[in-house]
Amino acid sequence: MERKNTILAILLIVLALGLVILPKNNGHKEIDPKVLLNGVVERSRYLSVDLVTHRIIENDPTLMLIDLRPADQFKTFALPGAINLHPDSLLTQSGTDLLGQPGKDKVLYGNSDLISEKAWLVCSRYSVNRLYIMKGGMNEWFDTIIKVKPATGTPSTTDLDLISFRNAARQFFVGSGETTNTVIAPVQKEKVPVIRKAPSTSAGGGC
Amino acid sequence: MIGPIISSGIISPAWDNLFAVILGMGFGFALESSGFSSSRKIIGTFFGYDFVVVKVFFTAAIVASLGLLYLSYLGLVDFSLLYIQPTFLASAIVGGVIMGIGFAMGGFCPGTSLCAAAVGRIDGLVFFGGMFIGVFLFSEAFPLFENMYYSGSLGAKMINSVFGISPELFTFILVLAAVGMFIGATWIQKKVKKVEY
């Protein structure tokens, strides 16, 4: 290699080695209280259950669902792809590694908004970005998506579309529920009478 | 924390397109000044007489990695605000194979074909036209490929997390690999008969 290329290669190796041996910045950086207060007042942290459901069905790779409920409830039922994280573990190494993943929208949910709001406040204070709350939690999700309410009065097209989406989403999560109770009668073999065709013409005498 | 300047709200996202044009011009200038508008130069990688493509792209990758990690360490860039292209494994493999074949056959990748077309090279213009026909056919036939296109979704996956190592250690290994490749490529280039173009 030429001399200048050798110097550049050595410089790059030294810089890369510097990254490995430099002490890590593990301290949590707290954000400015004014910024935190603005975030609390704003409601942009809330995502509706319909929006979250839509993103689950679409298999959105940027969506990261964080289930803050106890482990036994998580095992009983959880949203597809959700990760169970106890609120006490939010600021541990595993919690910060999880929440610090780039390119992900972290959506917190519990049974209601109570735990999610606390978790959001703690994490936002320590500069976790792209952090959202599924509004209403699992209770709201179950009431909206699984127990779909029929339209009342004269619904608009938007309402009908929304109900149609929720019905489709319910089938996505729990199946149509129509096949299990349907009794299928045994099919009796139908006897097909064989009709033999009579020869149309008898062989005539040859010449 | 000042970066990324658009994602962190310092500059309005309305400026996205202007930045795209400026960065695109800079990228095009770098490609042209590295000689990437010549298909013979690019194809030299496959025949062993010119490794400038591998050298330029490897250098770009390690300089960008080191720069980002140092800026993040100094608190100037917030890693969590960076957009990371999600990984779709199956389509990435199939697309990589098709792109590799096209690269070896045509002597251009999409970006360099635009550079070649811009300086008036006929092979670049033909490649560029072919690329648009390919894009049109793919778009029309997309329903046939849709399942494969979205299969193997891994989300915004970072390669260091696949190996379970820190980004800093991975970058160090990448720099060592790049320097090793520079030395190896120079050695091969000396052994292979020179091609004048």
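Every heavy atom of this structure was used, including side-chain atoms; hydrogens, water molecules and symmetry mates were not. Convention: sequence-line order gives letters A, B, ...; per-chain numbering from 1.
In this structure, chain A has no heavy atom under 4.5 Å from any part of Tyr150(B). The part of Leu176(B) that comes within reach of chain A is its side chain, from C-beta onward, which places non-hydrogen atoms under 4.5 angstrom from that chain.
Of all heavy-atom pairs between Glu168(B) and Val20(A), the closest is O-CG2, 3.7 Å. Closest of all the heavy-atom pairs between Val175(B) and Ala16(A) is CG2-CB, 3.8 Å. Between Pro23(A) and Tyr73(B) the shortest heavy-atom distance is O-OH, 2.8 Å.
The CG atom of Asn5(A) sits 7.5 Å away from the OG1 atom of Thr186(B) when rounded to the nearest 0.5 Å. Atom CZ of residue Phe172(B) and atom CD1 of residue Ile21(A) lie 9.0 Å apart, to the nearest 0.5 angstrom. A distance of 4.5 Å separates CD1 in Ile62(B) from CG in Leu12(A), rounded to the nearest 0.5 Å.
Asn147(B) CG: 12 or fewer foreign heavy atoms inside a 6.0 Å radius. Around the CZ atom of Phe136(B), the shell of radius 6.0 Å holds no more than 12 heavy atoms that belong to other residues, nucleotides or ligands. Atom CZ of Phe163(B) has 12 or fewer heavy atoms from other residues, nucleotides or ligands within 6.0 Å. Atom CZ of Phe46(B) sits in a crowded spot, with more than 12 heavy atoms from other residues, nucleotides or ligands closer than 6.0 Å. Shown here is Tyr149(B), whose OH atom has no more than 12 heavy atoms of other residues, nucleotides or ligands within 6.0 Å. Around the CD1 atom of Ile122(B), the shell of radius 6.0 Å holds no more than 12 heavy atoms that belong to other residues, nucleotides or ligands.
Residues satisfying the side chain to side chain contact (heavy atoms under 4.5 Å, CB included) criterion with Leu162(A), sequence neighbours excluded, are Asp50(A), Arg166(A).
Most heavy-atom pairs under 4.5 Å with chain B: of the set Asn59(A), Asp60(A), Leu15(A), this distinction falls to Leu15(A).
Using a 4.5 Å heavy-atom cutoff, the side chains of Leu22(A) and Tyr70(B) are in contact.
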